[in-house]
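Okay, structure first, notes after.
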Protein chains: 2
Amino acid sequence: MDHEPPPPAAMPSGRRSTIGSLARRAGVAASTVSRALRDDPRISPEVRARIAALAAEAGYTPNILARTLVGGRSGLIGLVLGPIENPIYAEIMREAVAQAAARGFRLLLLHVGQGPIEDATAEALSQYRVDGCLITSAELSSRAAAICAGNGVPVVMVNRVPRQHENAVACDNRAAGEVLARLLLAAGHRRLAVVTGNPGTSTSQDRADGFSGFVSSAGLAAPRRIEGGASHAAGFAAGQAIAALPTEERPDAVLGVSDILAMGVMDGLREAGLSVPTDVSVVGVDGIAAAAGPPYRLTTVAQPLQAMVARGLDLLTARIGGAALPQEMVLLRGTLMRRHSARLTAPED
Amino acid sequence: MDHEPPPPAAMPSGRRSTIGSLARRAGVAASTVSRALRDDPRISPEVRARIAALAAEAGYTPNILARTLVGGRSGLIGLVLGPIENPIYAEIMREAVAQAAARGFRLLLLHVGQGPIEDATAEALSQYRVDGCLITSAELSSRAAAICAGNGVPVVMVNRVPRQHENAVACDNRAAGEVLARLLLAAGHRRLAVVTGNPGTSTSQDRADGFSGFVSSAGLAAPRRIEGGASHAAGFAAGQAIAALPTEERPDAVLGVSDILAMGVMDGLREAGLSVPTDVSVVGVDGIAAAAGPPYRLTTVAQPLQAMVARGLDLLTARIGGAALPQEMVLLRGTLMRRHSARLTAPED
DNA sequence: TTGAAAGCGGTACCAC
DNA sequence: GTGGTACCGCTTTCAA
């Protein structure tokens, strides 16, 4: 088994073994080692076994960089993450790392946050020869997009509908908004409001539109729109603003376009002395873990994150394969989670 | 300026330009291009300018993989992240990406979550020739540690004191516990409790020990220990358990060893009808953003995340430089944030 | 079934 | 100052 004794210091214990060194030790050519290690059927079983043993003993690991250089794939997927203050991005990331690993890919963390991607980062994309790029939320800078396009690096957006020419996987946000509107109306709510997210984001717009559209087409007054943002703090402010409204104007149900925002709304309302859901019902969209339990128990439409990431990687790997596929966009239906932040039965009167 | 028209399809627009192609176009040798691009002073200004212009026009980016192959650094730092349910890890990550980028490094996301690192992941570490490894929380599997040691890849742990032989940067957790204990005692609290985190983690132990130690040495009864965990849910359960205690046994102040845990404790107490801080004071450690505002306004000791990551990268880059430095451990003092989850003035009686 | 050699994109050493 | 060349580790023809 040849366990090497713990090296005296942090000394790089000898040279790393390479295909060449293995070849020498095995008395064969480098090409033979290469083939043996990749289970090429042409190599005789004995030789293959001998080389495999040698490799294991030497703790050999192939140098992917060299392999990539020859023309192979890097096995790297560039990841661009949205504002991490919203736990949804952390959840997407967790899912993405795990699923990418299962498919033999590693994630190169390019950017975190909403800010635009710096040039240096955009270049990393090209310098490291990433096979593809996974983007959540944050806008891909035109620079980065150009680099991807110019190099034939496929791009897939997750949780965001592309303004440009990328592939995308998203939750059917419009439908999510409609489902929630239907739910609230069925429970007898009549004065609705929606707290919007970051202006210009498709998620916020689609959810709000679906919600408002359903209400309007039911013949009711369009929900009041309140400017929110992407954070709990923004929701909190909105909640306080709502609480400050004259009672007869106060909505009886409000949608925060994301869970984190809706949580803020709940806290804002409660801080102002109102009760949720007794005075005001609150619902969200996303399905983040933090909103599921007390003190929120948020009724929401949960995004099918696992499936979203899976389909995102599907789109990506198909295109990494080199196939000239058309732009594709996948919409996945969310799941309504009935919890306790909204009154869901018509008041008896 | 030569903006290329948007390629008809996602066609890899021609070949990527390389040092060789630039050399040909410039009518010089490849080595000259290499030197010119790296601002080697030996190259004449004119040639350098000409090559720079050519490179810019062609949208040339060096292939880091090739550069690394020659013996250079990969510029890659492996990142292992703890259980992302705790926002502290997301914050560390955000900080790490930004600071690493500023130093010219990219992060290879190796693992997220508490689970042990799979073998495939550990190998990626070696295959991609990462220059160093940054670990938060999650135990580095012995496999991964062996790979790092065997290849002379330096490892630095952030937010975790190493059981093994790695370098580390952490908050002075013991001191944090003491500071909070002193604060609570000064405000007249006498019946203290501590809700512990994941068993066996140094952060949880050190914080709890510092807290308990200070109380004991002040001549008071040691704080009651309540088993918690790493999540809001664990804290919530602990909060409910505390609320269920007979009044005369109920602690008047409790430390949740992490903010997320303390938030859970607060919610658990409140759900049971108790008021924080009127009935029970609650404090935490970490300084996560979510705990700062309402409804928590958690009094806590904030970890100096920015400095922690900076020092972590310092340790790493110094060792990546090849210097044979001794194991090093850096403890950084946190900052007490007095907010409103704890009664901080002695009750007048 | 195996070996030899070329080459991927750079860097660095040695000449000139 | 600049060019030639060898080489990093691996894959892939092309021969044998």
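Chain naming here is simple, since letters A, B, ... match the order of the sequence lines and numbering starts at 1 in each. Just so you know, these numbers come straight off a predicted model, no measurement behind them.
As rounded to whole Å, 11 Å separates atom P of dG9(D) from atom CD1 of I19(A). Following rounding to the nearest Å, N63(B) (CG) and dC8(D) (C1') show an atom-to-atom distance of 13 Å. In this entry the distance linking CG of L69(B) with P of dC8(D) reads 9 Å, nearest Å. In this structure, the CG atom of L37(A) is 16 Å from the C1' atom of dT12(D), given to the nearest Å. The separation between R48(B) atom CZ and dT2(D) atom C1' is 13 Å, rounded to whole Å. Whole-Å rounding puts the R35(B) CZ to dT5(D) C1' distance at 12 Å.
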Item to complete: Check the pair L316(B), F105(B) against side chain to side chain contact (heavy atoms under 4.5 Å, CB included), reporting the backbone distance first and the verdict last.
Response: CA-CA 11 Å; L316(B) 214 46; F105(B) 285 94; over 6 Å; no
Item to complete: Would you sort out whether D40(B) and R42(B) count as a salt bridge (Lys or Arg N to Asp or Glu O under 4.0 Å), showing the intermediate values?
Response: CA-CA 5 Å; D40(B) 188 309; R42(B) 297 178 301 182; 3.2 Å; yes
Fill in: Verdict with supporting geometry, D131(A) and R106(A), salt bridge (Lys or Arg N to Asp or Glu O under 4.0 Å)
CA-CA 10 Å; D131(A) 293 335; R106(A) 306 291 149 190; over 6 Å; no
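Both I43(B) and G20(A) lie close to DNA chain D; mapped to their nearest nucleotides by heavy-atom distance, the more 5′-ward contact belongs to I43(B). Nucleotides of DNA chain D nearest to V47(B) and V70(B) differ in position, and the one nearer the 5' end is that of V47(B). Each of V28(A) and L65(B) was assigned the nucleotide of DNA chain C with the nearest heavy atom; the assignment lying further toward the 5' end belongs to V28(A).
With rounding to the nearest 0.5 Å, the separation of CG in L315(A) from CD1 in I320(A) is 11.0 Å.
Boundaries of the chain A contact region on DNA chain C are dT1(C) to dG9(C), first to last in 5' to 3' order (nucleotide atom under 4.0 Å from a heavy atom).
Panel note: side chain R319(B), backbone P326(B); a donor-acceptor pair is recorded below 3.5 Å. Under the 3.5 Å distance criterion, the side-chain polar atoms of T136(A) are matched with a main-chain donor or acceptor of G82(A). In this structure, S74(B) contributes its side chain and R129(B) its backbone to a donor-acceptor pair below 3.5 Å.
Within the 4.0 angstrom heavy-atom criterion, no nucleotide atom of any strand lies near S17(B). Residue contacts for T18(B): at a heavy-atom cut-off of 4.0 Å it reaches the sugar-phosphate backbone alone, with no base atom in range. The residue S31(A) sits close to a base: some heavy atom pair falls under 4.0 Å.
Of the side-chain N and O atoms in R42(B), none sit less than 4.0 angstrom from OP1 or OP2 of dT2(D).
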